[in-house]
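Presented below is the structure to which this report refers.
Residue indices begin at 1 and follow the sequence shown. Whatever order the structure lists them in is the order used to number ligands and atoms, beginning at 1.
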Amino acid sequence: MTVSLQLGEDSIQSEVNLSFESVTLPAMLPAFRLIADQLVDVAINNATSEGKSISCKKGCGACCRMAVPVSEPEAHRLRDVVVAMPEPRRSEIQQRFAAGMEVFRQTGLLDNMFQRVSGEQEERNAMANLDAYYATGVPCPFLEEESCSIYEERPLICREFLVTSPAENCANIDGVGVKRLPTLARPGDALILIASNPDEKRVASMPMIQILEWTSEHPDQGQSHMAPEWMGLFAETLQTKANNML
Ligand code: SF4
């Protein structure tokens, strides 16, 4: 299937191999990642042609201490990744998740962390929660020696969150001095949107630290549709969001 997106002056065309069968969203992740990586490549080329460079590199994991929003389909996929790990690594990772959750359990911070906000007050509260999360300093359980230990499997948001400002600025909780690479579209948001129920305030995502607990409570991987249908919906959502960003 050919996926074409027009993003301002840029356009991408992706050839994705899809099986003609009914699948759940986690099974679509390899195809969604392909498009996300292509979008990031275009954004990096644009930044490079403006004389900017990407500061993110192996050994810098400042953003891996933020409340990284993981969509429900990615949470299921990552749970499978953890379950497939050999021992003792699997137990180590599971213990990191459990220890992180213990920190947050007392705070109530994770309750409805990501939801549709309406009004300035709700927006301010949401920002304050994100700051409070970052202030705990709890790292993503997959962060090892300040590098991502599941690089090929990292969520869409981790692929698109890059900065062109000095790496040391990323330690600023208030985000002062952090210049995020302008993305042409937000594949992470698009996936959350298509996985969400439009009638609910809650959106289909959670902070990374919650994924093992949430998936053990919600083992159902969601609706199945034909793979080209999911891809069509993803592309349409991406295009609409990109148009709104222009
Ligand atoms: S999955 Fe990898 S890149 Fe994403 S927050 Fe965790 S360690 Fe960082």
Flag the pair Glu74 and Arg77 as a salt bridge only when some basic side-chain nitrogen lies within less than 4.0 angstrom of an acidic carboxylate oxygen.
no
Answer yes or no: is there an ion pair linking Lys52 with Glu50, defined by an N-O contact shorter than 4.0 Å?
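Yes.
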For Glu87 and Ser91, which I'm curious about, is there any donor-acceptor pair between the side chains at under 3.5 Å?
yes
Strictly under 2.8 Å of atom 4 (Fe) of ligand 1: which protein N/O/S atoms qualify?
Cys158 SG
Check the angle between the aromatic planes of Trp214 and His76 and answer parallel, tilted or perpendicular using the 30° and 60° thresholds.
perpendicular
Which label fits Phe142 and Phe97: parallel for a plane angle under 30°, tilted from 30 to 60°, or perpendicular past 60°?
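Phe142 vs Phe97 ring planes: perpendicular.
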Are Leu39 and Leu181 connected, step by step, through hydrophobic side chains (Ile, Leu, Val, Met, Phe, Trp, Tyr) whose heavy atoms are closer than 4.5 Å?
no
